[in-house]
Number of protein chains: 2
Amino acid sequence: MRKRFCPRHGKDYPCSCGMGNLYRFVEPVVLLLLKMKGRSYGYDLAADLEGHALTDTTIEKGVLYRTLRRLEMNGNVKSEWEAEGRGPARRIYRLTKQGEEHLDEWAAVLEHLSKSMSRFVRDARKPAAGKAKPAR
Amino acid sequence: MRKRFCPRHGKDYPCSCGMGNLYRFVEPVVLLLLKMKGRSYGYDLAADLEGHALTDTTIEKGVLYRTLRRLEMNGNVKSEWEAEGRGPARRIYRLTKQGEEHLDEWAAVLEHLSKSMSRFVRDARKPAAGKAKPAR
DNA sequence: TAGTTATAGGTGTTAGTTGCACTTATTTCA
DNA sequence: TGAAATAAGTGCAACTAACACCTATAACTA
């Protein structure tokens with residue numbers, strides 16, 4: 001049984017605190033990059049993803065390409081092949097109107113999540129309540 | 001093919017922006033609650049989870065119980081049956097020393113994630129760069 | 001006292017997701 | 001001409017999520 005490697009706890013420890021490449025967190029980053037760049041393609045996005053990812057881990061190419069396809073299926077981006085220029089042909093993606101709205105939704109979701117998390121961190125660092133007298 | 005329901009986009013939209021009950025986000029909340037309460041059990045934790053969850057969605061019982069078992073397998077909590085008192089016997093959980101450390105690690109992970117997310121939100125709300133003159 | 005509700009702790013199943021390795025193809029450069 | 005860089009994927013086993021379902025005890029209530 002293949003085990004996932006956790007950089008914090010080593011192998012054979014079935015935690016997920018590193019949080020991997022959760023495609024649900026790759027999606028908004030792709031949307032943001034497309035907004036900032038105007039147009040881009042998989043191979044190019046892969047490089048920039050490192051700098052903008054929400055998690056630490058390196059982004060997995062497979063997740064990226066599948067995310068782009070799914071975004072297109074859902075109407076959030078559109079693509080066209082571009083053969084001109086150097087190297088192999090590129091599939092160029094752009095945000096659609098709906099994609100921009102979807103990014104806005106993501107921003108709202110992540111803003112809320114960010115606040116929940118920072119509240120969590122504050123609570124987690126408080127000393128445990130009423131430990132002076134043992135509870136039983 | 002059973003489809004997940006997304007409260008934001010309805011059924012048949014394979015997004016995950018609601019983010020469901022991601023067990024990886026249930027784990028730290030359980031650790032925090034156990035730290036705050038000193039001792040607790042599944043049914044009791046289930047009630048408090050709502051108020052402390054990182055995501056909005058209601059917490060799924062199955063995830064909670066399985067999370068508790070996994071935490072115990074990993075040595076982060078320990079449990080004992082308690083038959084006294086009213087109602088059916090309860091499996092009482094407590095944090096171990098290791099569990100407290102694990103919570104601290106989670107706090108560090110989530111602090112980082114929280115910051116990444118709020119940076120993301122800031123960027124996402126900036127107007128798109130250089131859209132005045134069309135890029136091509 | 002029988003039936004219902006509340007408390008308590010789970011399991012089973014299947015669809016969906018992830019990680020990682022692998023594949024294919026074109027172009028550039030030494 | 002052979003290696004490296006660019007580009008876009010696919011295959012698959014292991015893992016995760018959602019939701020329904022199951023078991024049992026205790027308390028309440030008609």
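Convention: sequence-line order gives letters A, B, ...; per-chain numbering from 1. Everything quoted here is computed from the prediction, not taken from an experiment.
Considering only heavy atoms from C-beta on, L45(B) comes within 4.5 Å of L68(B) through its side chain.
A donor-acceptor contact shorter than 3.5 Å links the side chain of K35(B) to the backbone of A124(A). Remark: side-chain polar atoms of R94(B) are not paired, donor with acceptor, to backbone N or O of I92(B) under 3.5 angstrom. Side-chain atoms of R90(B) come within 3.5 Å of backbone atoms of E84(B) as a donor-acceptor pair (strictly under, hydrogens ignored). E72(B) places no side-chain N or O within 3.5 Å of a backbone atom of T67(B) that could act as its donor or acceptor partner. Of the possible polar contacts, none joining the R69(B) side chain to the L64(B) backbone as a donor-acceptor pair under 3.5 Å is found. Remark: the backbone N or O of L34(B) is not paired with any side-chain donor or acceptor of S40(B) at under 3.5 angstrom.
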Distances for protein N/O vs nucleotides 5-7 of chain C N/O pairs under 3.5 angstrom?
| unit_1 | atom_1 | unit_2 | atom_2 | d |
| --- | --- | --- | --- | --- |
| dT7(C) | OP2 | Y43(B) | OH | 3.3 |

Could you list the protein-to-nucleotides 20-23 of chain D atom pairs, N/O on both sides, closer than 3.5 Å?
none

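Rounded to an integer number of Å, the gap from Y65(B) OH to dT16(D) P is 21 Å. Atom pair L45(A):CG and dA8(D):C1' shows a separation of 13 Å (rounding to whole Å applied). Atom-to-atom, CG of L64(A) to P of dA21(C) comes out at 18 Å; the value is rounded to the nearest Å. Atom CG of L68(A) and atom P of dA7(D) are 14 Å apart (whole Å). Following rounding to the nearest Å, W81(B) (CH2) and dA8(C) (P) show an atom-to-atom distance of 11 Å. One atom, CD of E27(B), and another, P of dA17(D), lie 11 Å apart when rounded to the nearest Å. Rounded to a whole Å, the CG atom of D44(A) is 8 Å from the P atom of dA7(D). Following rounding to the nearest Å, F25(A) (CZ) and dG19(C) (P) show an atom-to-atom distance of 12 Å.
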task = Decide yes or no on side-chain hydrogen bond (donor to acceptor under 3.5 Å, both in side chains) for S114(A) and S118(B), but give the supporting numbers first.
result = CA-CA 6 Å; S114(A) 171; S118(B) 89; 4.5 Å; no
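Comparing Y93(B) and A89(A) by the nucleotide of DNA chain C whose heavy atom lies nearest to each, the residue mapping closer to the 5' end is Y93(B).
In summary, R91(B) and E82(B) do not engage in a salt bridge, as defined by a charged side-chain N under 4.0 Å from a carboxylate O.
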